[in-house]
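Within every chain, numbering begins at 1; the chains are lettered A, B, ... in the order of the sequence lines, protein sequences first and strands thereafter. Hydrogens, waters and symmetry mates are skipped; everything else that's a heavy atom, side chains included, is used. Note that the structure is predicted; figures quoted are calculated from it, not measured.
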Amino acid sequence: MSADPPITPELVAAHGLKPDEYQRILTLIGREPSFTELGIFSAMWNEHCSYKSSRIHLRKLPTKAPWVIQGPGENAGVIDIGDGEACIFKMESHNHPSYIEPHQGAATGVGGILRDVFTMGARPVASLDLLRFGAPEHPLMRHLIAGVASGIGSYGNSFGVPTVGGSTKFDRRYNGNILVNAMAVGIARQDEIFYAKATGVGNPIVYLGSKTGRDGIHGATMASAAFEADAQEKRPTVQVGDPFAEKLLLEACLELMKTGAVIAIQDMGAAGLTSSAVEMGAKGNLGIELDLDAVPCREPGMSAYEMLLSESQERMLMVLAPEKAAEAEAVFRKWGLDFAIIGKTTDDLRFVIKHEGEIKADLPIKELGDEAPVYDRPSVLTPRPATIAADTIVPPISHGEALLRLIGSPDLASKLWITEQYDSLILGNTIQGPGGDAALIRLGDGPKGLALTADVTQRYCEADPYEGGKQAVTMAWRNLTAVGALPLAVTDNLNFGNPENPKIMGQFIGCLEGIGEACRALDFPIVSGNVSLYNASEGQDIPPTPAIGGVGLLEDASRGATLSIKRPGDAILLLGE
Amino acid sequence: MKARVTVTLRKGILDPQGKAIEGALKTQGLTGIESVRQGKVFDIELSETLVGTAETLLEEACRKLLANQVVEDFRIEILTEY
Amino acid sequence: MKARVTVTLRKGILDPQGKAIEGALKTQGLTGIESVRQGKVFDIELSETLVGTAETLLEEACRKLLANQVVEDFRIEILTEY
Amino acid sequence: MNAAVILFPGSNRENDVCRALEQASGKAPARVWHAEDYLPLGTDLVVLPGGFSYGDYLRCGAIAAQAPIMKAVAAHAARGGLVLGICNGFQILVESGLLPGILMRNANLRFLCRMQHLKIERTDTAFTSHYRPGQVIKVAIAHGEGNYVADEDTLARLEGDGRVAFRYCDAQGTLGGAANPNGSLHDIAGIYSENFNVLGLMPHPENLIEPIIGGTDGLPLFLSLAQFKKAA
Ligand SMILES: Nc1ncnc2c1ncn2[C@@H]1O[C@H](COP(=O)(O)OP(=O)(O)O)[C@@H](O)[C@H]1O
């Protein structure tokens, strides 16, 4: 085993930590961090985990309503849908991985969001996806579109959840940075919801699922690997999805949850073992001690650093009731999944990592999350565009030509080529799949149903972030009401460019204000979501794209309205202005 | 001319297929099998008669279509018997 | 010991995957490619050290699982470097 | 009718087919784990449900075909017991040799989920007695590897014995062309065993059993099965 590299300013920079952020680490722990600790900080304090650029703005969103059981902050949001049942849902992005390897990137995006939902005890009943591609004629685009569609399809189809809706649009400003946002929706009994908060000192921490490999260890390893002889071998690798393992994980988790063995559970998503363990401990006001020698590994010779930062898929972390550990293990063996006790909860509020007889990290667990930097980044609000009086515009082309162009535009073209690759019918509850205003599914044997939608019009958000944000929410609301549902709550995925650019920050703030305003006016709270910043390539930022996922309830799904005209002679009414 | 292109997963990349097959072989009682990784072969007939040109052509085919170089490696063999 | 098992479609059996790849290569302008047939390789690590025993084991693996002999043939190679 | 639905790791349409069986027969089927050696006593019908057993890695259905329970299923079929394999279940049946041929990747290499018309080839079997002769039905398909391939002799035998159960067609019943979604030879969507007690098909009749979900053209298959045993 090679020794850990020394901590240099270059190494710190390669971990995405700014000099003042590193200073903050020094002050916090009163010494130089070890290499492993540096990796932990970089994972916990990057934009993805810490929300450092967006946190102060997100606080302004409305997240409460009498029917909200759990708002943002857990794996997914939870709402009351009556009869003791809860709907659990969330949306998440996998933009960058999908550009590097579209099939696996999109597939693992779907896998990740499904895990978020079933981690909380829900059985997934539907998924949706929002896609933004570049210009169809861009040389890479065919490959990206085909790969993303097959990736989403293959994961959801094999896992066994119907993909019932979404949205696909094209704009050349996504040429270098496509968007792949996936939304998952599940159902659980309200008294059988599981959370990430650990309780009890000395309880076993259990690792479940697939083995850990060197998957998706972030770019920092590349730099650090230069210190090792076999750098080439250890270059960060793409995460590969295994929907089969995920399906087994789902069934095993739901079976285990019924036994009462699970105290806390968290899926290993971004920043894998590190963020899941820290989160469980910090939420429960407990320390966590892990012994990495017990972690099931796919490859020999993995370092503590690699195990802590690996983003291998289809893995979970649980705190178990000690007396039920054997029963839990039996369930996991039945499903052919790895199961290992890799640590315990402690009362000292430290995050301690042991590996090969050494202490590789010893950090204050709460501060890892709470003391992450928070930025109020400079912003320049997008100026309100002047109102244009319609009668002052000379039509540039004839109506006929305009109609032809509209029909021929990729945005309006049929998306069947994509959606036919998704199993939208499995579970036998899909009343309206892809192709309607909102998807419509029946819950169990009925009569209740859910309406689901995911969309945004980035063109509006770019022209006027505030109005565009409002429009995105009201569109979701209208889509849900159009199928006959009562809109209940929202999940969002805020895709923006580089937040260090004040104009982009202005777009972000503008959109959020619009979204918040519309949600408040409509009593349509935001219960979960995700922020994806730095969507830019070669200096080109994407248009502001705050995806809105909406969920609505129908007391009687058979009363739902679908898009198709039912018979000749029916009257057509136009409502509204 | 005949050629065979073999495409295999890069080292370290998860191979769910290989893993499932490995598990199945083990439960079938085939002890002695430690690990399995799955790849693809393409048996290709070419109208080309120059080995050098054929190799260039196949390399292009691999880069464009047959292999996904983010996760896969490829190897080209010209099978002389033609 | 390391071994490679190659499974290919029998002659005369339709290969939609090969056909589609062949078509795609042709539309990519890779002239000179006449036909493509796709097969699978399995790279297998064995704890066995006797070549003969390993071959018997692998043959059983092929018959039981790796190849569907209705439509596929298989070939076993022991890669000596172990 | 006593039905047993086999669960393999990766099965995912077992609830769909259980619902259809229960709706048709009034009786919930038994669920049998693949690692079992025996079927429940008195089983009339074995169902291999849709899904991605073992991820459909290697060849679809190949690993599941080796499961312990499959010996019992083969014995049940040999005794004349009814076996229904839907989608992945069909793939498992051909991989285990209970039906001839093989299911290969769809001709366009893509997974395809859509509504599909089928022509019912005969109505004198345990599976189709509730359909009208020559009836064209609309059911769902959802598969990536449903391209039925067999050698000439096998195809000739299947045709000669009248063992093709369903063929892909358009709404008017015209076979082939664009109506064939996956390139299957002879537009085959499902076939019977020699004694007509084993049926494998790619489409999902279990997803078309209620008007609210898009139609009821799948229901007669389950009604046929339910009443076949009641009559016997
Ligand atoms: N990626 C996708 N996944 C699932 N459904 C999709 C996807 N893209 C589009 N759809 C479905 O196809 C229909 C048309 O979508 P789209 O072309 O994006 O237009 P719009 O958002 O204006 O309805 C919608 O009903 C949507 O649910």
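- A heavy-atom distance below 4.5 Å is found between the side chains of D:R59 and C:E72.
- Ranking C:G12, C:A20, C:A67 against chain D, the residue ahead of the rest is C:A67, based on heavy-atom pairs under 4.5 Å.
- Panel note: side chain C:Q17, backbone D:L109; no donor-acceptor pair is recorded below 3.5 Å.
- Checking each of C:L9, C:I13, C:N68, C:V70 against D:I102 for a side-chain contact (heavy atoms from CB on, under 4.5 Å) leaves exactly one that passes, namely C:N68.
- Summarising the local packing, CZ of C:R75 is surrounded by 12 or fewer heavy atoms from other residues, nucleotides or ligands at distances under 6.0 Å.
- The local environment of CD in D:E159 is crowded, with over 12 non-hydrogen atoms from other residues, nucleotides or ligands closer than 6.0 Å.
- Residue C:K26 qualifies as enclosed at atom NZ: its count of foreign heavy atoms under 6.0 Å is above 12.
- Within the 4.5 Å cutoff, no side-chain heavy atoms of C:K19 are placed close to those of D:R105.
- Among all heavy-atom pairs drawn from D:A62 and C:L65, the shortest one is O-CD1, 3.8 Å.
- Atom NZ of D:K138 sits in a sparse spot, with 12 or fewer heavy atoms from other residues, nucleotides or ligands closer than 6.0 Å.
- There is no contact between D:D151 and chain C, counting heavy-atom distances below 4.5 Å.
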